Engineer: 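Sending over a structure as structure tokens; questions will come in a sec.
In what follows, every chain begins at residue 1, and chains take the letters A, B, ... in the order their sequences are listed. Atoms considered below: every heavy atom in the structure, side chains included; atoms not considered: hydrogens, waters and symmetry mates. Every value quoted in this text rests on a predicted model; they were computed, and no experiment measured them.
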2 protein chains.
Amino acid sequence: MWESASVLTFVSIIECRHRLQATIQLMGEFDLIARFFTRPAKNAVLGVGDDCALLPGNAAMQCAVSCDMLVEGRHFLSTVAPERLGHKALAVNLSDLAACGAKPRAFLLALAMPRVDEVFLQGFSNGLFALADEHGIDLVGGDTTAGPLNICITVLGDVPQGAAFLRSGASVGDDVYVSGNLGDARLALEVFRGALALEPEAFEAVRRAMEMPQPRNVLALKLRGLISSAIDVSDGFLGDFTYVLRRSSVGATINVDVLPRSAVLAQRSADLQRLCTLAGGDDYELVFTAPLQHRTAIAVASMQSGVPVTCVGCIEAKAGLRLIDKQGHAVDQKFASFDHFKS
Amino acid sequence: MWESASVLTFVSIIECRHRLQATIQLMGEFDLIARFFTRPAKNAVLGVGDDCALLPGNAAMQCAVSCDMLVEGRHFLSTVAPERLGHKALAVNLSDLAACGAKPRAFLLALAMPRVDEVFLQGFSNGLFALADEHGIDLVGGDTTAGPLNICITVLGDVPQGAAFLRSGASVGDDVYVSGNLGDARLALEVFRGALALEPEAFEAVRRAMEMPQPRNVLALKLRGLISSAIDVSDGFLGDFTYVLRRSSVGATINVDVLPRSAVLAQRSADLQRLCTLAGGDDYELVFTAPLQHRTAIAVASMQSGVPVTCVGCIEAKAGLRLIDKQGHAVDQKFASFDHFKS
């Protein structure tokens, strides 16, 4: 836990930002962990500071575990505020627990950075712990090292035996739902890329969606027992939902005009709206399927958790994903999902 | 699980090596996971391919969890064979489970790399799975992304309630033990740095110690119930053992001349031997303490696991670490442990 070993140092894009920051002081690895990342564990038997963290076992529960690695320029831009980066690094991991219906329990943080930058670390840990506190989970261990900026978080959660949402559970006749809105993160990315401009207020709203995604864990726990499959949308609706269809050996028809979107995105061109909602990426919303008889219960879960939920289509026996518009006309699938090694 | 999101590409030292390799083909992230990192899970309820992996719960067991991040040039050199890198990335994590007395159960792999290099991936996954199979554990999930080479593994293990080895358990009068040999990895590093030369056979032996450390999990399980504290030596004996002393609020006297070392290291100068055994780093041996009445049982555990164990000193009430030589004379503590942000 929080361990180390050997030699060189690298250069990263964030170094430019670091040079601009007011206070840069050097401290050792263990001072760093003590100052920024050590807090008393609430739920763990043993937290940061030994070779392993220890979590109590529970025969009634399965342990859900997932990890996500975030690399600068690929998962976040160098312009992101450290607080937001701390939030996002944990949020994308919590989103995996939500997609599986697991209650968040603890997390580990592995962090490589070019040098110890106290301003960055203070902001990063503030954002990280604010979200951790919101979900009542402990940072129980991890690792720090010098290297190109890289953030790898592992989350652990609990789910009752057999209650996990799987990608393979969708059945013919099920409704298809999406939580929150799709596409704002992609719209913000297009502004950062210089492809379009937005009014400051509109830009701040979509930038916030990109930099501070809200994982849907509260909604997910209320959906236990109601839904047949789930996935979180990280690489775009089209690509991610296709995994559910393949795993479940079913097909679906989706009405692209009812895919939920923000007022800001709804003012853009029809083509841009489709690109952003269908193949946006970085949404961290849940897409899930459920039998018709749970429509009312799902509406109640949505209201109780304060997260809007939209029915966007239905599961069918015929393989493949068919897109239609509000007139029922077929829509071309010209958008591809995001692939890290092809984009 | 095995997830992703946004844009650039970086340059890393390994790119030079990659250009020299015969077969370089591009493939997508999901092809890559399917080809190199997907095998049926033996112990998990659900392995690679969903949002989370699911592991069965057990009320009698605590879940031990730890993660280590490896960065090129810092935890391994660009000259390491991919098979050995795969081995080492998992070995250093298994070593944390050994230090805690936990039985290895499953692991997750997060991997950032500049591009998809099939030769590298085949070698890396071969080395990784060979060690995983030796310890009977499953790769249950992870993440892949483009970025500067970075390997982050999270391991999970089981330890009966209250049976974990903690750093805080050393008592006055306990013996202090070290498994295997210390210092070979550091000796190899000095050769790579050009500070000294070794005969080819001797170099291969110490290079193997550096690149293919053998985690002491089999020994650790046999030490359950016998020992009072443990830590694995990753940053050098002096620094790591000092954590045990501080956490346990005790001191110790260590005979530096009995610290175990290989025949290759034993032929070097006395100063180099002390540097390598006391402050070498990358040893991944266990240092542990145990009451005198367990001496015989510990010798049996050592024989049964085929891992030599050496008694190197004793725990005392007086705080601090005192080093003596075989004549009983005090030895200067002029070596510092490794710190990633100060070295």
Engineer: Under 4.5 Å heavy-atom distance to chain A, tell me which part of B/A185 shows up: side chain, backbone, both or neither.
Structural biologist: neither
Engineer: Going from CG on A/N93 to SG on B/C52, what distance comes out if it is rounded to the nearest 0.5 angstrom?
Structural biologist: 9.0 Å
Engineer: Any idea which of B/A64, B/C100, B/A99, B/S95 has the most non-hydrogen atom pairs under 4.5 angstrom with chain A?
Structural biologist: B/A64
Engineer: By the salt bridge (Lys or Arg N to Asp or Glu O under 4.0 Å) test, which pairs, at least two apart or in different chains, include something from residues 152-163 of chain A?
Structural biologist: A/R105-A/D158
Engineer: Could you state the interatomic distance from SG (B/C152) to CG (A/L108), rounded to the nearest 0.5 Å?
Structural biologist: 9.0 Å
Engineer: Given the options A/L97, A/N150, A/T154, which has more heavy-atom pairs under 4.5 Å with chain B than any of the others?
Structural biologist: A/N150
Engineer: Grab the two heavy atoms, one from A/C67 and one from B/D143, that are nearest each other, plus how far apart they are.
Structural biologist: O-CB, 3.6 Å
Engineer: Counting only heavy atoms closer than 4.5 Å, note whether A/N58 contacts chain B via side chain, backbone, both or neither.
Structural biologist: backbone
Engineer: Under 4.5 Å from any heavy atom of chain A, what part of B/L156 do you find: side chain, backbone, both or neither?
Structural biologist: side chain
Engineer: Please look at A/A98 and chain B and tell me whether the side chain, the backbone, both or neither of the residue comes under 4.5 angstrom of a heavy atom of that chain.
Structural biologist: neither
Engineer: Using non-hydrogen atoms and a 4.5 Å limit, figure out which bit of B/V159 sits close to chain A: side chain, backbone, both or neither.
Structural biologist: side chain
Engineer: Might you point out which heavy atoms bring A/A112 and B/V71 nearest each other, and give the distance in Å?
Structural biologist: CB-CG2, 4.2 Å
Engineer: Roughly how far, to the nearest 0.5 Å, is CE of B/M69 from OG1 of A/T145?
Structural biologist: 8.5 Å
